[in-house]
A.B. asks: 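Please find one structure pasted underneath; my questions will follow.
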Amino acid sequence: MDINFCSLGIDIGGTNTVFGLISSSGLIIKKDSLLTESEKGPVLLFDRIFEKLKIWDQELNNQWKLKNIGVGVPNGNYYSGMVVDPPNLGQRWNNIDLVTLVKNYRDIPVKITNDANAAAMGEKFYGAAKEMKDVVIITLGTGLGSGIIVNNSVLYGYDGFAGELGHIIVDPNGRICENGRAGALEMYVSAKGLKYTINEYLDKYPNDVTLNEIKSNGFDGKKMDQAFDDGVEIVKEIYEFTGNMLGLGLAQAATILSPEAFIFYGGLSNAKHRILDYTKKSMDKNLLSFQKGKIKLLLSQLPDGEAGILGAACLHKD
């Protein structure tokens, strides 16, 4: 019987964790997702992942052999293998030697990186960024993450923590994030930021029927998109505000990096043109004159939940 080799790619998010077995050509052999339940710590999460892996081993009848593991995780450090003060995961994940932890389950090569860097690598190898040398991938999930590709390589910086565009300051007197800084982009453009904006609008308009329905339905993005399409003005105003703030942050990043494109991946990006049209106008307004109109805003070409696991599996290609 021929044995094929594969990688396990794991994409850990503040809400959900996606994981899958990936062939060397990028074929997703098996894929599943779990609630991260970060308050219970990393050990329980990896217990569940590797229990599922045992089931896959049986289902695949040992035709695929796992050769390595890649993990994308908030504030995962590619150089040290540590997770340090990760946003949206909590203190039980702080200062965890994740490489050592994962090796306790399978003693094979393990590499980790920031979850947004993993998504960036997925787009670079298999998605919208395949033909681009300089590009920024923005993940719009529970928070705002970013992976920066410069001259075909992920930008890690001196200490492994480069590329945190979610912490660009867009309003020095603005909302306070969990690390105590005021006005970070993530607090305006992410699932967390959008909830904050809706609640601010509800403080001003407590009897607004649409906003109360959206809140009671758990801030369902599809319902907001539908309200936007139906011409509900207060929702259009919220999306315009969100898009304007995103454009302001992108313009700051573009002034330094001058990428060919920003590519969007994750929950809030499903709003598509409803937010990104406002974003493009805001970004171009705040760019240097010779950059205006030249930087593209694109959506991921990969199915939701796949960029991160594909990119994590690619960590062993470098």
A.B. asks: I'd like to know if the side chain of S38 reaches the main chain of G90, judged simply by a donor and an acceptor atom lying under 3.5 Å from each other, with no hydrogens or angles considered.
C.D. replies: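 Not at all, since once roles are kept as given, no pair shorter than 3.5 Å links the two residues.
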A.B. asks: Does N217 use its side chain to pair, donor to acceptor, with the backbone of E213 at less than 3.5 Å?
C.D. replies: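 Yes, the answer is positive, given that a donor and an acceptor are paired below the 3.5 Å cut-off.
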A.B. asks: Quick check: does any side chain N or O of D171 sit under 3.5 Å from a backbone N or O of G183, one acting as donor and the other as acceptor?
C.D. replies: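 No; zero donor-acceptor contacts below 3.5 Å.
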A.B. asks: State whether the number of non-hydrogen atoms from other residues, nucleotides or ligands found under 6.0 Å of K54 atom NZ is greater than 12.
C.D. replies: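 Counting neighbours around NZ of K54, 12 or fewer heavy atoms of other residues, nucleotides or ligands fall under 6.0 Å, so no.
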A.B. asks: Can you name the nearest heavy-atom pair linking D85 to N75, along with the distance?
C.D. replies: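 Closest pair (atom of D85, atom of N75, distance): O-ND2, 3.1 Å.
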A.B. asks: L98 vs F46, test: side-chain contact (heavy atoms from CB on, under 4.5 Å). Steps then yes/no.
C.D. replies: CA-CA 10 Å; L98 199 62; F46 282 97; 3.7 Å; yes
A.B. asks: Under the criterion side-chain hydrogen bond (donor to acceptor under 3.5 Å, both in side chains), I'd like the reasoning laid out for K124 against N152: C-alpha separation, chi angles, the key distance, then a yes or no.
C.D. replies: CA-CA 8 Å; K124 176 60 184 166; N152 285 325; 2.8 Å; yes
A.B. asks: Can you check whether L140's main-chain N or O pairs, donor with acceptor, with S269's side chain at less than 3.5 Å?
C.D. replies: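 No: the side chain of S269 does not pair with the backbone of L140.
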A.B. asks: Should we say atom CD of E59 is surrounded by more than 12 heavy atoms from elsewhere, each under 6.0 Å from it?
C.D. replies: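 Atom CD in E59 is packed in, count exceeds 12.
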A.B. asks: Search all heavy atoms of A120 against all heavy atoms of I149 and return the closest pair with its distance.
C.D. replies: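 A120 and I149 have their closest heavy atoms at CB-CD1, 4.3 Å.
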A.B. asks: Check whether any side-chain heavy atom of F262 sits under 4.5 Å from a side-chain heavy atom of M283, and report yes or no.
C.D. replies: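 Touching, per the 4.5 Å side-chain cut-off.
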A.B. asks: Please list all pairs meeting salt bridge (Lys or Arg N to Asp or Glu O under 4.0 Å) that have one or both residues in residues 276-296, counting only residues at least two apart or in different chains.
C.D. replies: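 The answer is E260-K296, K280-D284.
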A.B. asks: Using the rule given for side-chain contact (heavy atoms from CB on, under 4.5 Å), can you reason through I137 versus V135, listing the C-alpha separation, both sets of side-chain angles and the distance that settles it, and then say yes or no?
C.D. replies: CA-CA 7 Å; I137 287 77; V135 61; 4.0 Å; yes
A.B. asks: Any luck finding a side-chain donor-acceptor pair between E123 and S300 under 3.5 Å?
C.D. replies: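 Yes, S300 and E123 have a side-chain donor paired with an acceptor closer than 3.5 Å.
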A.B. asks: Is it true that R106 and D57 make a salt bridge, defined as a side-chain N closer than 4.0 Å to a carboxylate O?
C.D. replies: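 Yes, this pair counts.
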A.B. asks: To the nearest 0.5 Å, tell me how far I29 CD1 sits from I22 CD1.
C.D. replies: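 Going from the CD1 atom of I29 to the CD1 atom of I22 covers 7.0 Å.
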A.B. asks: Determine, step by step, whether L250 and L297 satisfy the side-chain contact (heavy atoms from CB on, under 4.5 Å) criterion, reporting the C-alpha distance in whole Å, the side-chain angles of both residues, the deciding distance to 0.1 Å, and the verdict.
C.D. replies: CA-CA 10 Å; L250 296 186; L297 303 187; 4.0 Å; yes
A.B. asks: What is the ring orientation for Y278 with F228, classed by angle as parallel under 30°, tilted 30 to 60°, or perpendicular over 60°?
C.D. replies: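 Judged by the thresholds at 30° and 60°, the geometry between Y278 and F228 is perpendicular.
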A.B. asks: Going by heavy atoms in the side chains, are H167 and L144 under 4.5 Å from each other?
C.D. replies: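 H167 vs L144: side chains apart.
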A.B. asks: Considering non-hydrogen atoms only, spot the tightest contact between V110 and K103 and give its length.
C.D. replies: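 For V110 and K103, the tightest heavy-atom pair comes out as CG2-CG, 3.8 Å.
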A.B. asks: Is any side-chain heavy atom of L34 closer than 4.5 Å to one of N16?
C.D. replies: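 No, side chains not in contact.
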A.B. asks: Side-chain heavy atoms under 4.5 angstrom apart, residues restricted to Ile, Leu, Val, Met, Phe, Trp, Tyr: same cluster for L53 and I112?
C.D. replies: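 Hydrophobic grouping puts L53 with I112.
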A.B. asks: Output, in order, the C-alpha distance, side-chain angles, deciding distance and verdict of side-chain contact (heavy atoms from CB on, under 4.5 Å) for F125 and K317.
C.D. replies: CA-CA 10 Å; F125 278 93; K317 289 182 180 290; 3.5 Å; yes
A.B. asks: Check for a donor-acceptor pair, side chain of S146 on one end and backbone N or O of L165 on the other, with a separation under 3.5 Å.
C.D. replies: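 Such a contact is found between S146 side chain and L165 backbone.
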A.B. asks: Hey, is the main chain of E186 close enough, under 3.5 Å, to the side chain of K192 for a donor-acceptor pair?
C.D. replies: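 Judged by distance alone, no pair lies under 3.5 Å.
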A.B. asks: Same hydrophobic cluster for Y205 and Y196, using side-chain heavy-atom links shorter than 4.5 Å among ILVMFWY?
C.D. replies: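 Cluster IDs for Y205 and Y196 match.
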A.B. asks: Got a salt bridge between R92 and E37, using NZ or NE/NH1/NH2 to carboxylate O under 4.0 Å?
C.D. replies: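 A salt bridge is absent here (no side-chain N lies under 4.0 Å from a carboxylate O).
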A.B. asks: Are L155 and Y265 joined in one hydrophobic group, where the rule is that I, L, V, M, F, W and Y side chains link up if heavy atoms are under 4.5 Å apart?
C.D. replies: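 In one cluster with L155: Y265, no.
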A.B. asks: Just verifying a value: how many Å separate T210 OG1 and I198 CD1, rounded to the nearest 0.5 Å?
C.D. replies: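 It comes to 11.0 Å.
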A.B. asks: Tell me, do I148 and V150 make a side-chain contact under 4.5 Å, heavy atoms counted?
C.D. replies: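 Yes. Closest side-chain heavy atoms under 4.5 Å.
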A.B. asks: How far does CG of N286 sit from CD of Q291, to the nearest 0.5 angstrom?
C.D. replies: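 That separation rounds to 11.5 Å.
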A.B. asks: Find the distance between OG (S190) and CD1 (I138) and round it off to the nearest 0.5 Å.
C.D. replies: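 S190 OG to I138 CD1: 12.0 Å, rounded to 0.5 Å.
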A.B. asks: Considering non-hydrogen atoms only, spot the tightest contact between W64 and C6 and give its length.
C.D. replies: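 That closest heavy-atom pairing would be CE3-CB, 3.8 Å.
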A.B. asks: Just verifying a value: how many Å separate L276 CG and L246 CG, rounded to the nearest 0.5 Å?
C.D. replies: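 Answer rounded to 0.5 Å: 7.0 Å.
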A.B. asks: According to a 4.5 Å side-chain heavy-atom criterion applied to Ile, Leu, Val, Met, Phe, Trp and Tyr, with indirect links allowed, do L35 and I10 form part of one hydrophobic cluster?
C.D. replies: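 Shared cluster, no.
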A.B. asks: For V73, run the side chain to side chain contact (heavy atoms under 4.5 Å, CB included) check against D115, N114, L89 and tell me which one passes.
C.D. replies: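 Considering D115, N114, L89, a side chain to side chain contact (heavy atoms under 4.5 Å, CB included) with V73 is found only for L89.
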A.B. asks: Between A271 and D225, what is the shortest heavy-atom contact and its length?
C.D. replies: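 Result for this residue pair: CB-OD1, 3.6 Å.
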A.B. asks: Look only at the side chain of N61 and the backbone of Q63, and say whether a donor-acceptor pair between them is shorter than 3.5 Å.
C.D. replies: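 It does not hold such a pair.
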A.B. asks: Would you compute the distance between atom OG of S23 and atom CG of N4 and round it to the nearest 0.5 angstrom?
C.D. replies: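 Rounded to the nearest 0.5 Å, the OG-CG separation comes out at 8.5 Å.
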A.B. asks: Side chains of N77 and F161: closer than 4.5 Å at any heavy-atom pair?
C.D. replies: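 Yes, side chains in contact.
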A.B. asks: Can you find a heavy atom in the side chain of N212 that is under 4.5 Å from one in the side chain of L202?
C.D. replies: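 They are in contact (side-chain heavy atoms under 4.5 Å apart), so the answer is yes.
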A.B. asks: Are D159 and Y79 packed together at the side-chain level, in the sense that at least one heavy-atom pair is separated by less than 4.5 angstrom?
C.D. replies: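 The answer is no, as the side chains (C-beta and beyond) never meet within the 4.5 Å cut-off.
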A.B. asks: Using a 6.0 Å cut-off, check whether atom NZ of K223 has over 12 heavy atoms from anything other than its own residue.
C.D. replies: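 No, the 6.0 Å shell around NZ holds no more than 12 heavy atoms from other groups.
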A.B. asks: Which pairs, with at least one residue in residues 86-109 and sequence neighbours excluded, count as a ring-ring contact (aromatic ring centres under 6.0 Å, His included)?
C.D. replies: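 For residues 86-109: F50-Y105.
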A.B. asks: Check whether any side-chain heavy atom of L101 sits under 4.5 Å from a side-chain heavy atom of P42, and report yes or no.
C.D. replies: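 Yes, their side chains come closer than 4.5 Å.
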A.B. asks: Does N95 use its side chain to pair, donor to acceptor, with the backbone of V84 at less than 3.5 Å?
C.D. replies: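 Checking the backbone N and O of V84 against the side chain of N95, no donor-acceptor pair under 3.5 Å is found.
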A.B. asks: Quick one: does any side-chain atom of H316 pair with a main-chain N or O of I69 as donor and acceptor, under 3.5 Å?
C.D. replies: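 Checking the backbone N and O of I69 against the side chain of H316, a donor-acceptor pair under 3.5 Å is found.
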A.B. asks: Assess the side chains of Y126 and E306: does a donor N or O sit below 3.5 Å from an acceptor N or O?
C.D. replies: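 No, because no side-chain N or O of Y126 sits under 3.5 Å from a partner of the opposite role on E306.
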A.B. asks: Are M187 and F219 connected into the same hydrophobic cluster when the rule is that any two of I, L, V, M, F, W, Y join if their side-chain heavy atoms are below 4.5 Å apart?
C.D. replies: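 Yes: a chain of side-chain contacts under 4.5 Å links F219 to M187.
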A.B. asks: Kindly give the heavy-atom pair with the smallest separation between P74 and P86, and that separation in Å.
C.D. replies: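 Residues P74 and P86, closest heavy atoms: O-CB, 3.3 Å.
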A.B. asks: Between R175 and T197, is any side-chain donor less than 3.5 angstrom from a side-chain acceptor?
C.D. replies: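 Side chains of R175 and T197: pair found under 3.5 Å.
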A.B. asks: Cation-pi between K236 and Y239: NZ/CZ under 6.0 Å from ring centre and within 45° of the ring axis?
C.D. replies: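 No, K236 and Y239 do not form such a contact.
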A.B. asks: Is it true that the side chains of K222 and N270 contain a donor and an acceptor less than 3.5 Å apart?
C.D. replies: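 Short answer, no.
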A.B. asks: Short question: side chain of S282, backbone of T279 - any donor-acceptor pair under 3.5 Å?
C.D. replies: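 No, the answer is negative, given that no donor and acceptor are paired below the 3.5 Å cut-off.
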